[in-house]
Structure formats: structure tokens, C-alpha cells
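The structure appears right after this line, and notes come after that.
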Amino acid sequence: MKKLMYPEWEEGRKYLRSEILPRLHEMQRDLFGTEDLLMNMAINRDGEHIYANIAIFDGEEISRSIFVNFFCTYSIEQMKDEYTKLTDFIKKYTQPEK
């Protein structure tokens with residue numbers, strides 16, 4: 001991996017690679033084949049940023065979506081908060097209605 005411009009960002013980049021990225025990949029596997037849900041994810045070249053988007057389709061249209069960003073400059077707590085937003089959204093909109 002290319003060295004970061006600011007060495008103090010390295011801890012955040014390691015956390016993105018070792019914690020956030022595997023969780024997002026697991027999420028993709030769990031959601032695979034879910035007809036009304038679409039997940040997009042991107043990683044920038046230097047490993048400084050991960051972007052994730054989940055959209056829920058209601059018929060032919062997107063009815064709800066969430067965009068989350070994980071930056072190596074975030075604190076670990078900020079990254080955990082972003083991840084929690086994403087998982088809460090998925091739980092809320094993939095649970096069968098009662």
C-alpha cells in the first residue's frame with residue numbers, strides 16, 4: 001500500500017481495512033439475492049475512504065436509501081457510528097412488517 005500523506009492517518013486506514021471493509025463484504029454476501037435491496041460500495045485508491053450506499057426498491061422505484069462514508073481521518077468512534085447507521089437502516093427496512 002502506498003504511504004499516506006499524513007502518517008497520523010495510518011491507524012484509521014488500518015481500521016478501515018481490518019474492520020470496516022470485512023464487515024461491508026459480509027453485509028454484501030448476506031444481502032446477495034435480495035430482490036428489493038441494492039448495495040454499492042467503493043474504495044479509493046489509497047485506502048483512505050470507503051463509500052457505501054444501500055437503496056430499497058419499492059416496486060420499480062427507489063423508496064429509501066442511505067449513504068455512508070468512512071474516512072481514515074475519522075476517529076474509530078465516528079467510523080463505528082457510520083457503520084451503526086448503515087446496519088440500523090438495513091434492519092429497519094428489511095424486517096417483515098407486522
Side-chain angles (χ1 to χ4, degrees):
M1 264 191 306
K2 180 181 170 187
K3 287 191 175 187
L4 293 173
M5 184 184 307
Y6 301 101
E8 62 270 18
W9 293 357
E10 193 59 41
E11 181 183 0
R13 180 164 74 168
K14 284 180 183 176
Y15 187 79
L16 285 175
R17 185 169 190 219
S18 66
E19 297 294 327
I20 298 297
L21 190 57
R23 290 178 186 177
L24 292 173
H25 285 153
E26 183 177 329
M27 191 179 292
Q28 284 180 313
R29 283 191 303 272
D30 291 346
L31 298 174
F32 184 81
T34 305
E35 292 180 11
D36 55 350
L37 194 133
L38 172 67
M39 181 174 181
N40 291 308
M41 187 177 72
I43 304 165
N44 81 325
R45 291 180 354 159
D46 296 332
E48 297 173 359
H49 173 241
I50 298 174
Y51 155 87
N53 165 246
I54 297 210
I56 307 292
F57 289 94
D58 187 11
E60 298 290 322
E61 299 178 356
I62 294 175
S63 61
R64 295 164 192 86
S65 64
I66 185 170
F67 299 89
V68 292
N69 291 287
F70 302 93
F71 292 95
C72 68
T73 55
Y74 281 4
S75 70
I76 302 302
E77 287 304 313
Q78 283 176 297
M79 288 187 225
K80 287 179 180 179
D81 288 345
E82 286 293 292
Y83 184 78
T84 299
K85 286 180 203 174
L86 190 62
T87 57
D88 287 349
F89 178 86
I90 291 170
K91 286 177 191 171
K92 181 176 180 179
Y93 292 109
T94 58
Q95 303 270 332
E97 293 188 28
K98 296 179 181 181

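Heavy-atom basis, side chains included; hydrogens, waters and symmetry copies ignored.
- By the side chain to side chain contact (heavy atoms under 4.5 Å, CB included) test, N40 pairs with L38, N53, sequence neighbours left out.
- Qualifying salt bridge (Lys or Arg N to Asp or Glu O under 4.0 Å) partners for R64, counting only residues two or more places apart in sequence or in other chains: none.
- For S63, the side chain to side chain contact (heavy atoms under 4.5 Å, CB included) partners at least two apart in sequence or on another chain are I56, D58.
- Partners of I50 by side chain to side chain contact (heavy atoms under 4.5 Å, CB included), not counting sequence neighbours, listed by chain and number: L16, I20, L21, L24, M41, I43, F70.
- One finds the CG atom of L37 at 10.5 Å from the CD1 atom of I62 (value rounded to the nearest 0.5 Å).
- Here E26 pairs with R29, D30 under the side chain to side chain contact (heavy atoms under 4.5 Å, CB included) rule; sequence neighbours left out.
- Distance SG/C72 to NZ/K14: 12.5 Å, rounded to 0.5 Å.
- Nearest heavy-atom pair, G47 versus R13, reported as atom, atom and distance to 0.1 Å: O-CG, 3.2 Å.
- With rounding to the nearest 0.5 Å, the separation of OG1 in T34 from CD in Q28 is 12.0 Å.
- One hydrophobic cluster, built from ILVMFWY side chains closer than 4.5 Å, cannot hold both Y74 and W9; they sit in different ones.
- Within the structure, ring-ring contact (aromatic ring centres under 6.0 Å, His included) contacts touching residues 13-59 (residues at least two apart or in different chains) are H49-F71.
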In a table with atom names and distances, give each donor-acceptor pair under 3.5 Å that connects a side chain of residues 81-91 to protein atoms at least two apart or in another chain.
residue: E82; atom: OE1; partner: N69; partner atom: N; Å: 3.2
residue: E82; atom: OE2; partner: K85; partner atom: NZ; Å: 2.7
residue: T84; atom: OG1; partner: K80; partner atom: O; Å: 2.9
residue: T87; atom: OG1; partner: Y83; partner atom: O; Å: 3.3
residue: T87; atom: OG1; partner: T84; partner atom: O; Å: 3.1

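- For E8, the CD atom is densely surrounded, since the number of other residues' heavy atoms within 6.0 Å is greater than 12.
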